[in-house]
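Right, one structure below, let's go through it.
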Amino acid sequence: MSDTESIQSETSGRSPLVKWIRRVLFIILALLILGIMLLQFSPVQTWLSTKVTKYISEATNTTVTAERLKISPFDGIILQNFNVVDQQNDTIFYAGALNISLRKNLFHLLRNEIDLSYVGIKNLRLNIITETGESRSNLQKFLDNLSTSPSKKSAGPKMNFNVKDVDLSNLDIKFHNQNKGKVENIFLKSGTLDINYIDMGCNEYDINSAIFDEPVFRSHIYEFDCSPSDELAIDQIESTKAEVPDTESQPLTLTLREIVIKDGRFEKSNDLIIPEQRFKEYLDYNNFSFERINMLLEDFSLRNNSDVFAKLKTLSAVDNTGFVIRDIKSDTIIISPTTAELLGYTIEMGKTTIKDRLKFSFADFGAFSEFTDKVIIQSEFKDTRIFMDDLVHFIKSLSKVPFVVNNGKEIIEVNGRYFGKVNNLAGRDVDIKMGSKLSLAGSFNTRNLLDPDNTVLNIRLDRFDTSMKKIKMILPSFNLPPTFYKLGSIHFTGRFDGYIEDFVAYGKLKSDVGAAEMDMRLDITQGTNKANYSGTLNLQNFNMGLWSGNPDLGLVNFNSKVEDGKGLTLNTVKADLAATVKSLSFKKYEYKNFILDGKIDKNTFNGVFKIEDNNVDFVFDGSFEYLNNQAFLNFKSEVKRLDLQALNLSKVPLSFKANMDINLTGSNLNDFTGTLDINDLDMVSKDSAYNMKKSVSFPEILSKEGRS
């Protein structure tokens, strides 16, 4: 047999098998094509939809219906009017239209891949309810029933899922947890997602943009939380097996390069807060809403399920009281479970503009409901303008602080570093201006700032410009005697430590009536009549006449030390005083270089007075009292020279020297009465000279003339 005949014989021998295989493949392909073609016909789609919904209904013990189900292995899936209703005839899930377009055909499911080019969802309704005493929601029960014993099923390879574009339209999602007495609603008019990639195995999601039009979030509490506690379950006691952690679970990683919210709304309400406690003029953190929310957020990143990083380009909103947040932006936002930080930010709201850097530290986000006592602030302010009423809007407790109430319409310009809780705030490199009322620079620490009766201040002032009237306007409870208001405008540098009405002040003061340098402790908690004070006080060119209301007094320059001082008015003052008077103007005569060392008790001085001057040179040891324009003199004195006319105390020439023991009373030289014990008196009156050594009445001295 030839080679050619041999080949033909083998070929003819295999021909029936090859033909059979080809026929089988052709039939399979034909059936597949026929199946795909049949899926395009409405009756087939209706039949398939009925079979699928019937299976789901029986498996989940619900009523499932669908108007249309179209499946194309190459194009995608279209589902219309898909509805899931539970046994209570409540809708669990409804989708008016679900449109899925494929980038890779459905045959890739065999390789655990789902790759979609487009997902469109329209008229979606989700009604997720957790009934009282239940730990699973109706949706969770539905999904659990739909699966086949997932706890016993061996874990296979994870599905790779990816989608490019998502369109959302008219979404309504409701979460109702009867255990917590809480209802949350999410509404969305429309939204689009442009997705870069999704890695469900690593729990990573990378989204180019998310745009939401008219989103609404509402949270409503109507009952106290009565969630069942697993700790009280009996089987918890019986079970001793430790739970094995899920080592395959990965923390969520989400990247969003752009988030846009257009005309959004955020609401929170709580029926457990009785109406009398709801605030209509302030932001009530239990019952409030923000509407007209517009936001552009860039480079959003969520790491480890909790850490957030982002750039806020703009955010604006209006709350339920009409308060306007014009714009908030920040170069960097960092949020963790215990901190929230804004870097390079600007907040414009109401009449307030706040800039630069702000960080909040807290135990958890619930601390913001007690902001003043539980949230720690670290901030750096630059070119910041705070309208006091705007601040009160967010921190209602400030409305009870007299300083805030009395200055609600003021704008405070703020620069510097501030840290601590609102109730215990501290500042460094501080520069604050309150309109024309106040300007200060320095640093401070405070304690109990919101409790005026117990506020503690530790202030270093590099600059403090104000006036006593303005201080009274700023701190209504700061009460001083009326004479203090004669200081007018004041400029102070130094320190202030203590309570508002019990403090130590050290520094230099310039005022409209003169300058002072002080290191004083002042306690006026019992009122000015019972004030306690001590320390040193030095006056330079101080207008004592304007201060005291006595026109006979003029400028004074002196250094003094006060101990055990009490009372701040002429009728109450009492103190131990040691003073060196460089100059004092009285009745238009300037006394120089005299010393006081004694006690002041109301209008009385009791001690030593020493002066050396061309017209007055004597030592005074005793008491002097000036009351109702009457002088009461009771002292011993060595007078080396006393020229009363030169001192403007006599209209006629009158001078003398002597050693005296004086007890006199009078309003002027002509009506003094009393006694003088005189030793070695030499007196000149007009053209007469006197010399005597005996006790005489003062008028008798004036009546004697012509003796030598």
Side-chain angles (χ1 to χ4, degrees), residues 385-388 402-416 427 429-444 452 455 457-501 503-522 524 528 531 533 535-551 553-560 562 568-570 582-585:
R385 293 166 55 85
I386 299 176
F387 186 61
M388 292 295 288
F403 166 75
V404 177
V405 173
N406 216 49
N407 300 278
K409 305 305 177 184
E410 289 290 339
I411 291 180
I412 301 179
E413 299 178 32
V414 182
N415 291 276
D429 302 322
V430 172
D431 194 320
I432 298 176
K433 295 179 182 178
M434 183 188 292
S436 61
K437 290 183 178 179
L438 176 70
S439 175
L440 66 86
S443 63
F444 68 88
T455 296
L457 303 173
N458 302 106
I459 303 173
R460 190 201 75 227
L461 293 170
D462 300 323
R463 182 192 74 243
F464 181 71
D465 295 320
T466 185
S467 71
M468 297 307 297
K469 289 183 178 179
K470 293 173 182 176
I471 289 178
K472 182 64 175 178
M473 294 171 66
I474 296 171
L475 299 170
S477 63
F478 190 60
N479 295 314
L480 288 174
T483 52
F484 276 76
Y485 294 97
K486 296 177 182 180
L487 290 172
S489 299
I490 61 174
H491 173 81
F492 179 80
T493 59
R495 290 192 60 89
F496 180 100
D497 297 281
Y499 299 91
I500 292 177
E501 294 184 342
F503 60 88
V504 174
Y506 166 79
K508 296 180 180 180
L509 173 73
K510 294 181 180 179
S511 72
D512 290 346
V513 298
E517 184 173 345
M518 67 186 72
D519 186 356
M520 297 287 295
R521 177 184 178 272
L522 176 62
I524 54 174
T528 56
Y533 51 92
T536 61
L537 176 65
N538 305 326
L539 300 181
Q540 295 92 38
N541 294 323
F542 195 86
N543 193 328
M544 189 61 71
L546 182 60
W547 168 265
S548 65
N550 187 341
L553 291 170
L555 298 180
V556 61
N557 290 274
F558 78 89
N559 300 330
S560 67
V562 179
L568 289 173
T569 65
L570 290 176
K582 297 178 180 179
S583 64
L584 170 65
S585 177

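From a predicted model like this one, the values you see are computed outputs, not experimental measurements. Residues: numbered from 1 along the sequence shown.
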Taking the side chain as everything from C-beta on, heavy atoms only, tell me whether [X] gets closer than 4.5 Å to [Y].
{"X": "V562", "Y": "Y533", "value": "yes"}
{"X": "L438", "Y": "F464", "value": "yes"}
{"X": "N559", "Y": "T536", "value": "no"}

How long is the gap from [atom1] on [X] to [atom2] on [Y], to the nearest 0.5 Å?
{"X": "I386", "Y": "E410", "atom1": "CD1", "atom2": "CD", "answer": "13.5 Å"}
{"X": "N538", "Y": "F558", "atom1": "CG", "atom2": "CZ", "answer": "7.5 Å"}
{"X": "L539", "Y": "M518", "atom1": "CG", "atom2": "CE", "answer": "8.5 Å"}
{"X": "L584", "Y": "L553", "atom1": "CG", "atom2": "CG", "answer": "6.5 Å"}
{"X": "L487", "Y": "N543", "atom1": "CG", "atom2": "CG", "answer": "11.0 Å"}
{"X": "M388", "Y": "I411", "atom1": "CE", "atom2": "CD1", "answer": "11.5 Å"}

Crowding at NZ, K582 (>12 non-hydrogen neighbours, <6.0 Å): no

A quick test of your reading: do over 12 heavy atoms of other residues, nucleotides or ligands sit less than 6.0 Å from NZ of K486? yes

Which residues satisfy the ring-ring contact (aromatic ring centres under 6.0 Å, His included) test with F542, sequence neighbours excluded? W547

What side-chain donor-acceptor pairs closer than 3.5 Å can you find for residues 488-496, not counting sequence neighbours?
{"from": "H491", "atom 1": "ND1", "to": "D465", "atom 2": "OD1", "distance (Å)": "2.3"}
{"from": "R495", "atom 1": "NE", "to": "D497", "atom 2": "OD2", "distance (Å)": "3.1"}
{"from": "R495", "atom 1": "NH2", "to": "D497", "atom 2": "OD1", "distance (Å)": "2.8"}

Listed partners of S439 passing side-chain hydrogen bond (donor to acceptor under 3.5 Å, both in side chains), at least two apart: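 S439: side-chain hydrogen bond (donor to acceptor under 3.5 Å, both in side chains) contacts with R463.
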
Which heavy-atom pair separates Q540 from E517 by the least distance, and what is that distance? OE1-N, 4.4 Å

Main-chain N/O of N541 paired to N557 side chain as donor or acceptor, under 3.5 Å: yes

Can a donor-acceptor pair be found, under 3.5 Å and without considering hydrogens, that links the side chain of S560 to the backbone of L537?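 Checked: pair present.
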
Name all residues meeting the salt bridge (charged side-chain N to carboxylate O under 4.0 Å, His left out) criterion together with E413; count only those two or more places apart in sequence or in a different chain, and write none if there are none.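 With sequence neighbours excluded, E413 shows a salt bridge (charged side-chain N to carboxylate O under 4.0 Å, His left out) to R385, given in chain and number order.
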
Name all residues meeting the salt bridge (charged side-chain N to carboxylate O under 4.0 Å, His left out) criterion together with D462; count only those two or more places apart in sequence or in a different chain, and write none if there are none.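 By the salt bridge (charged side-chain N to carboxylate O under 4.0 Å, His left out) rule, D462 matches R460.
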
Donor-acceptor contacts under 3.5 Å from residues 503-511 side chains, at least two apart:
{"from": "S511", "atom 1": "OG", "to": "V513", "atom 2": "N", "distance (Å)": "3.3"}
{"from": "S511", "atom 1": "OG", "to": "G514", "atom 2": "N", "distance (Å)": "3.4"}
{"from": "S511", "atom 1": "OG", "to": "G514", "atom 2": "O", "distance (Å)": "2.8"}

